[in-house]
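Chain letters run A, B, ... following the sequence lines, proteins first and then strands; every chain starts at 1.
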Amino acid sequence: MFALIDCNNFFASCEMVFDLKLKDKPLVVLSNNDGCVIARSNEAKKLGIKMAQPAFEIKDLINSGIVNVRSSNFSLYTDMSRRVMQTLVQFENDMELYSVDEVFMEVPDSSKSDLEKLAAKIRNKVKMWTGLSVSVGIGATKTLAKLANKQAKEGSNIKVLLHESEIDEALSATNLEDIWGIGRRCAKRLKKANIHSPLELKLIDDIIIKKILGVMGLRVSLELRGINSFSLDNSPTPRKSILSSRSFGRPTSELSDLEEAVSSFTTKATEKLRKEKQATSFISVFVSTGKKSKEQYFNQAGISLSTPLSYTPDLISYAKKCLKKIYKPHILYKKAAVMLSDFSDQASIQKDLFEKDLNLTKKEKLMQLLDKINNRYDKEALFFMSSGIDRKWKSNRVNVSPKYTTSWADLLKVK
DNA sequence: TCTGGGGTCCTAGGACCC
DNA sequence: TCTGGGGTCCTAGGACCC
C-alpha cells in the first residue's frame, strides 16, 4: 500500500509561510528570468492563471496589484522540502523522495478508516512542523496513490482508494493524460486506438497495450489493476547527469559573455558533482537562440575526458574549448548550458597511465576548501574570475524573497 | 519585446563481435 | 546465384515526470 504525500502549491506556499501579507491572496511564483508561472496560490488559480503561462500575459494583473508575484527562490524551497521530509521520517515507514514536493510512503495494509486516520496525522504533523499544507492519497500501487492524491486535492486533501468500485469511479472521472506516466502524446495514441478513458486502459488486453505504448504503457495498465509494477525506490541512486543552464536576462552575441556564463554554469555543476562525491568523464556545452527569435541556432559540443575530473578550473577550460567549437559570431544567444555525465566515484578513480599529473591531492584539497568556505559564508563568497563580475547576461529576478532559512542575514525578524 | 530548469527511461538503428 | 543466428554497446530522439 502506498501513500503519495504532495505539498499543495508548494513554491507559493513556501513564500506564504514567511510573508503573512501574501496569505489568502492571489500569488504566482515565476521561473528563472521571471519568464513564466511555475506555481500559483489557490486564489491565483481561481483567477484563471495557468501553469507555465508567460508572465507578460498577466502583467496587467500584476501591475494593478491584484496578483502578488515572487521570483523563484530555490534555496528557500529546497530547505523547506528538507524540513517536510524530516517530518515524514518520524512516521518510520519506507519512503521515496519523488520530487521536491512529493514523497511516496509505504503504508501498512489496513482498513479504509485507519488509513484515513494515518493520512490526517501526516497532514497535521507537517502543518504543525513546517507551516505547509499537504494532501495525501493512498492506493495499492504508486499509480493509484497518484490518482488518489489528485482526487484529494480536489476535495478535503485526503483520499483513500481501496475498493474496486471507488477506483473505477475515480478512473472514469479522470482524463487519460492525467494518469501518471501517460502524457499528451500517449493519450493521443491511445485515443487513435479507440481507448478513451483510464478505465478502458485498465481493462485493456496486455498484448494490445504493449503494442500501442510499449512496456511502459503495460506497466501503467497493470498498476491501475492494483498490480505493482513500479517499486518504491528508497536507495538514493547516484545521479547520472548534472545540467546547469540558464536563459540570459538579455540576448548576447559576445563570446566573452558566453564564456562567463559557461564558466559560471560549470562551477555550479561541478560543485554539485563534488557534493555527491562523483567525478565526471564527459562534459558538454549547449548554446541556443531564443525560441521565438528570427534566426534559429542550436548547437552542442562535448569532450570525453581520459581521467574523471571534479576540479573546477580544469573543467572550465574544457567547457571553453567546447564553446569555441560551436560559437558563431553575429548570433543573438539567449541561453547556454553545461552538462556533466558519465560519472564515477571520486574515491575509486583509476588514474590514467599516461596522465603526468598523478598527484591530485593538492587540487582536491583546494576544492574542499573552496566548498567549505562557500557553504559557510555565501554561495559565491569565492568565485572564479572567468565567471565575470558584472555578468550582463545574468537572469532577471526582480521579486525574489529573502533566504529566510538558509542565510543568517535574511533571518526573519520578529518584533 | 517578453515563454524555466532539471531530470529519467525506453526504443530503434547502426556498428561491431563471434 | 545462394549469405545465420545471436549478442553487446552506443547514440539520438522521443516521451515522460516535477
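Ser72(A) comes within 4.0 angstrom of no nucleic acid atom, judged by non-hydrogen atoms across all strands. Heavy atoms of Leu97(A) sit nowhere under 4.0 angstrom from any nucleic acid atom. As judged by a 4.0 angstrom heavy-atom cut-off over every strand, Arg219(A) is placed among residues touching the sugar-phosphate backbone only. Residue Asn33(A) is classed as having no contact, given no heavy-atom separation below 4.0 Å to the nucleic acid. Counting non-hydrogen atoms under 4.0 angstrom, Lys334(A) reaches the backbone sugars and phosphates but no base. If you check every strand for non-hydrogen atoms under 4.0 Å, Lys146(A) touches sugar and phosphate atoms only. Residue Lys59(A) is classed as having no contact, given no heavy-atom separation below 4.0 Å to the nucleic acid. Note on Ile182(A): only backbone sugar-phosphate atoms sit closer than 4.0 angstrom, heavy atoms only; bases stay farther off.
More than 12 heavy-atom neighbours from other residues, nucleotides or ligands sit within 6.0 angstrom of NZ on Lys191(A). Counting non-hydrogen atoms of other residues, nucleotides and ligands closer than 6.0 Å to OH of Tyr297(A) gives a total above 12.
Note on ring orientation: taking the six-membered ring where Trp is involved, the planes of Phe11(A) and Tyr77(A) are parallel (angle under 30°, cut-offs 30° and 60°). In this structure, Phe230(A) and Trp180(A) have perpendicular ring planes: the angle between them is above 60°, well past the 30° mark.
Between Ser395(A) and Phe56(A), the residue whose closest nucleotide on DNA chain B is further toward the 5' end is Phe56(A). Residues Met216(A) and Lys272(A) both approach DNA chain B. Their nearest nucleotides, taken by heavy-atom distance, put Lys272(A) toward the 5′ side.
Side-chain polar atoms of Arg225(A) and Ser221(A) form a donor-acceptor pair below 3.5 angstrom. Between the side chains of Glu254(A) and Tyr327(A), no donor-acceptor pair is found at a separation under 3.5 Å.
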When the side chains of residues 154-162 of chain A are checked against the rest of the protein, which donor-acceptor pairs come out under 3.5 Å, sequence neighbours left out?
from, atom 1, to, atom 2, distance (Å)
Glu154(A), OE2, Lys150(A), NZ, 3.3
Asn157(A), OD1, Asn8(A), ND2, 3.2

For this session: Would you check, one step at a time, whether the test salt bridge (Lys or Arg N to Asp or Glu O under 4.0 Å) holds for Asp19(A) with Lys21(A)?
Result: CA-CA 5 Å; Asp19(A) 190 344; Lys21(A) 288 198 302 288; 3.5 Å; yes

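With hydrogens and angles disregarded, no donor-acceptor distance shorter than 3.5 Å links the side chain of Ser245(A) to the backbone of Ala336(A).
Contacts between residues 98-106 of chain A and DNA chain C, counted as heavy-atom distances below 4.0 Å, involve Tyr98(A), Ser99(A), Asp101(A), Glu102(A).
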Exercise. Tell me, what's DNA chain B's dot-bracket, Watson-Crick or G-U with both distances under 3.5 Å, | for other-strand, [ ] crossing?
Worked result: ....||||||||||||||

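Rounded to the nearest Å, the gap between the P atom of dT3(B) and that of dC18(C) is 25 Å.
Running 5' to 3' along DNA chain C, contacts with non-hydrogen atoms of chain A at under 4.0 Å begin and end at dA15(C) to dC18(C).
Sorted pairs that involve residues 181-208 of chain A and meet ring-ring contact (aromatic ring centres under 6.0 Å, His included), not counting sequence neighbours, are lacking altogether.
Annotation: salt bridge (Lys or Arg N to Asp or Glu O under 4.0 Å) contacts of Arg82(A) (sequence neighbours excluded): Asp79(A).
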